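Reviewing the structure listed below.
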2 protein chains.
Amino acid sequence: MHDLDDSLLAHLPPFSLLSGEDIRDILNQSRTRLVPRGASVFREGDNATTFYLLLDGYVRVERLTQDGDRVIPLHIPPGQLFGIAAALGKETYPATAVAASDCVALEWPMRLWTKFADTYPGFATETYKIVGARLEEVSRRVMELATQRVEQRVACALLTIANQSGKQTASGLQIEFPLTRREISEMTGSTLHTVSRLLSVWQTDGVLVSQNKRICVLDIARLKKLAHAANVA
Amino acid sequence: MHDLDDSLLAHLPPFSLLSGEDIRDILNQSRTRLVPRGASVFREGDNATTFYLLLDGYVRVERLTQDGDRVIPLHIPPGQLFGIAAALGKETYPATAVAASDCVALEWPMRLWTKFADTYPGFATETYKIVGARLEEVSRRVMELATQRVEQRVACALLTIANQSGKQTASGLQIEFPLTRREISEMTGSTLHTVSRLLSVWQTDGVLVSQNKRICVLDIARLKKLAHAANVA
DNA sequence: GTCAAAGTTTGTGGAAACGCAAACTTGCCT
DNA sequence: AGGCAAGTTTGCGTTTCCACAAACTTTGAC
């Protein structure tokens, strides 16, 4: 069925406690889904019929306010489950998932989630660790939004993404998916104008380079300073 | 052991699917804990040795930023489990829990959480619904902080609390625990000064009455308008 | 290669909300 | 009852950052 290498999954949290046989079993019930950049995997409010494991690429989680403003609470890096509404007793997806870059994901019918959780020891536990981490991240964002200035929030957001999904290159830490000023503003509760101004300054200061939606952090230490103590610097 | 009425628990989410016998079983392993207003149940970073069910009163969840600013992401109403770090695979509590009013809680050693989840069908599921709802609420707060002005955020915060924990009285919807301007500002990412000004205006407009940390909402409809469309009003 | 669409940069004014400060009220403890 | 601590109100100057606007650049489609 699947020519996917089992060992590819073996080290991922939800499967790390399972035997090779169990993993193969789970894999055999999955389907592969390719999602081109910009396409949505599912939308907020849709019936939650499927859950996913992101193999490659990055997924952007979006929500719309009543006024039509878009907010991006977090990004999902490869190797994580997402769309696991059933694990939280939800019938519909609480947010929209959009491919931030071309994505490869495995998908299963949602009813299998319960089965997997019951059948395979550790599957549920490991999944809930992801939920916990996500709750932690969203909660951290609340703190940032509540106490920090825009400059610090933008620096924080870039740091988080660079750490989570940055690729070390010769010149610096490259963020692996395209990221527009607008998107950064939607992550930080700001405007694309303000973000543009900030990035311009940072670029001339040599903290980062940005072109064609690609951002490369040159000076992590400096960015950290901006994130935490712009007032002190 | 416990002269608590089982039926008191029978309708609460984590127990709603259990038999009377199972509930009695769980109750027999619990201890009662009284927490006076202002005291903390546990602190951020503490070893997560115990989980709780809030029977009466309200618990305020607090976190401290690196700069020493306090943030209040949510309040826990009676009937909910809290401190369930184990359910999210955490070894330590991710936040501090403080009694917003005098509280009565049941407590269990954390290791029993896993046992209950394994033994009693529905216990885990129902717990995770609470986690889901909490994730939802924190995420909604991110949206508010990212897109709304202070006035709307404060109105939202009061609405949420009034709906969640308001008691209908002759004059209006009374918030059942003391709430200072400072606390409201820590919930909304604002300052006590700004909150004070807002409440003053609202009081003279007859939207609410506030004295001695007690807030009573007189005109819910008007507060809703302020929450969502202060610009339209 | 051309054109439209999408994204970025930059300027200017203005409003929202903070920071500081000082007076005032209320509740609580001894 | 008095005094202290905690909470509130209000004024004023200042900063941050948004809103509007307009030019510019880049990308991708045909």
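Letters A, B, ... mirror the listed sequences (proteins, then strands); counts begin at 1. Given the structure is predicted, the values throughout are model-derived calculations rather than measurements.
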Candidate nucleotides C:dT8, D:dT10, D:dA19, ranked by approach to the side chain of A:Ser196 - the nearest: C:dT8
Distance check needed: D:dC24 C1' versus A:Gln211 CD, whole Å only. 16 Å
Below the 4.0 Å mark, does C:dC18 have OP1 or OP2 next to a side-chain nitrogen or oxygen of B:Ser190? yes
Against the side chain of A:Asn212, the closest entry in C:dG7, D:dT27, D:dA19 is D:dT27
Measure NZ/A:Lys213 against P/C:dT8 and give the value in whole Å, please. 7 Å
Could you check which of C:dA17, D:dC18, C:dA21 has an atom nearest any side-chain atom of B:His193? C:dA21
Under the salt bridge (charged side-chain N to carboxylate O under 4.0 Å, His left out) criterion, do B:Glu136 and B:Arg140 qualify, and how do the steps go? CA-CA 6 Å; B:Glu136 179 75 17; B:Arg140 218 194 54 226; over 6 Å; no
Does A:Thr180 place a side-chain N or O at less than 4.0 Å from the phosphate oxygens OP1/OP2 of C:dG7? no
Are B:Ser200 and D:dT10 close enough that a side-chain N or O sits under 4.0 Å from OP1 or OP2? yes
Interatomic distance where CD belongs to A:Gln203 and P belongs to C:dT8 [whole Å]: 12 Å
Looking for any heavy atom pair under 4.0 Å, which part of the strands does B:Gly38 touch: base, sugar-phosphate only, or nothing? nothing
Here the pair of heavy atoms bringing A:Phe51 nearest to A:Pro109 is CE2-O, 3.7 Å
Sugar-phosphate, base or nothing in reach of B:Leu199, heavy atoms under 4.0 Å: nothing
Please verify the inter-ring angle class for B:Tyr93 with B:Phe42; under 30° counts as parallel, over 60° as perpendicular, anything in between as tilted. parallel
When all nucleic acid strands are considered with a 4.0 Å heavy-atom cut-off, which category describes A:Arg149: base, sugar-phosphate, or nothing? sugar-phosphate
Does a nitrogen or oxygen in the side chain of A:Arg182 sit under 4.0 Å from OP1 or OP2 of C:dG7? no
Without decimals, in angstroms, what is the distance between A:Glu183 CD and C:dT8 C1'? 14 Å
Are the charged groups of A:Arg60 and A:Glu62 less than 4.0 angstrom apart, N to O? yes
Whole angstrom value for the distance that separates P of D:dC18 from CD of A:Glu186: 13 Å
Atom-pair distance (CG on B:Leu198; C1' on C:dC18), nearest Å: 13 Å
Please say whether more than 12 non-hydrogen atoms of neighbouring residues, nucleotides or ligands are located less than 6.0 Å from CZ in B:Arg182. no
Minimum-distance nucleotide to B:Arg197 side chain [options: C:dA21, D:dG11, C:dT8]: D:dG11
Using OP1 and OP2 only, check whether a side-chain N or O of B:Thr194 sits under 4.0 Å from C:dA17. no
Take atom CZ of A:Arg37 and atom P of C:dA6, then tell me their distance rounded to the nearest Å. 13 Å
Would you mind telling me which residue lines up with the more 5' stretch of DNA chain C, A:Leu179 or B:Gly189, judged by nearest nucleotide? A:Leu179
Would you mind telling me which of D:dG28, C:dG27, D:dT8 lies closest to the side-chain atoms of B:Leu192? D:dT8
With a 3.5 Å cut-off and no angle check, do the side chains of A:Arg153 and A:Ser190 form a donor-acceptor pair? no
May I have the distance from A:Asp67 (atom CG) to D:dC18 (atom C1'), rounded to whole angstrom? 16 Å
Taking only side-chain nitrogens and oxygens of A:Arg181, does any of them come within less than 4.0 Å of OP1 or OP2 of C:dT9? yes
